[in-house]
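Everything below concerns the one structure shown next.
Only heavy atoms go into these numbers, but all of them, side chains included; no hydrogens, no water, no symmetry mates. A, B, ... follow the sequence lines: proteins, then strands. Residue 1 opens every chain.
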Amino acid sequence: MQDRNARIYAAIAAIPPGRVASYGAIAARAGLPGRARLVGRLLGEVPDGMELPWFRVLRASGHVAMPPGSRGFREQCRRLRAEGVEVVNGRVPLSRFGLDGNLDHALWGWPDA
DNA sequence: CACATGACAGGGG
DNA sequence: ACCCCTGCCATGT
């Protein structure tokens, strides 16, 4: 059970800077296909201080998942732009920055393939 | 124990 | 491209 969370965190930590991934993609890479919601629930409970690139996780549509205008929303957009990711109206062009759905899988440098 | 909720996703209209 | 509905599943009432 706890091991499950660890794998999800690992999947998120593996997203290269300047790129983004969807909740579903993270769940899949963590060996939990179809459990995107689980990933979202976990991100909502990331203990302060835990170092994790949570801001690189978006909806499958490329949208930032938090309520537009909310504190977290702005924080996420800010951090993404800080590393060169383009955010337009709370949305990121997955065609260019997305890790899933493209030919960029080679960039996921983790232990499987 | 039944029911509502949620940082989700995919398919259809 | 947007809205709605359905499938999912852990938590909280």
All pairs passing salt bridge (charged side-chain N to carboxylate O under 4.0 Å, His left out) where residues 42-58 of chain A contributes a residue, at least two apart: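 Matches after skipping sequence neighbours: Arg41(A)-Glu45(A), Arg56(A)-Glu83(A).
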
Salt bridge (charged side-chain N to carboxylate O under 4.0 Å, His left out) contacts in which one or both residues fall within residues 66-77 of chain A, not counting sequence neighbours: Glu75(A)-Arg78(A), Glu75(A)-Arg79(A)

Taking only N/O atoms, report every protein-nucleotides 3-5 of chain C pair under 3.5 Å with atom names and distance.
none

Sequence-aligned protein contact record of nucleotides 6-13 of chain B, with B where the base is within under 4.0 Å of a protein heavy atom and S where only the sugar-phosphate is: BBBSS---

Residues forming a side chain to side chain contact (heavy atoms under 4.5 Å, CB included) with Ala65(A), sequence neighbours excluded: Tyr23(A), Arg59(A)

Steps toward side-chain contact (heavy atoms from CB on, under 4.5 Å) verdict (Ile26(A), Ile15(A)): CA-CA 9 Å; Ile26(A) 293 301; Ile15(A) 306 173; 3.8 Å; yes

Which atom of Ala27(A) lies closest to which atom of Ala36(A), heavy atoms considered: CB-N, 3.9 Å

Show which side-chain atoms of residues 85-94 of chain A pair as donor or acceptor with protein atoms under 3.5 Å away, not counting sequence neighbours.
from: Glu86(A); atom 1: OE1; to: Arg96(A); atom 2: NH1; distance (Å): 3.1
from: Glu86(A); atom 1: OE1; to: Arg96(A); atom 2: NH2; distance (Å): 3.3

side-chain contact (heavy atoms from CB on, under 4.5 Å) between Leu58(A) and Val64(A), intermediate numbers included: CA-CA 5 Å; Leu58(A) 309 172; Val64(A) 167; 4.1 Å; yes

First encountered from the 5' end of DNA chain C, between Arg35(A) and Arg91(A): Arg91(A)

Ser61(A): side chain to side chain donor-acceptor pair (under 3.5 Å) partners, not counting sequence neighbours: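 Listed in chain order: His63(A).
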
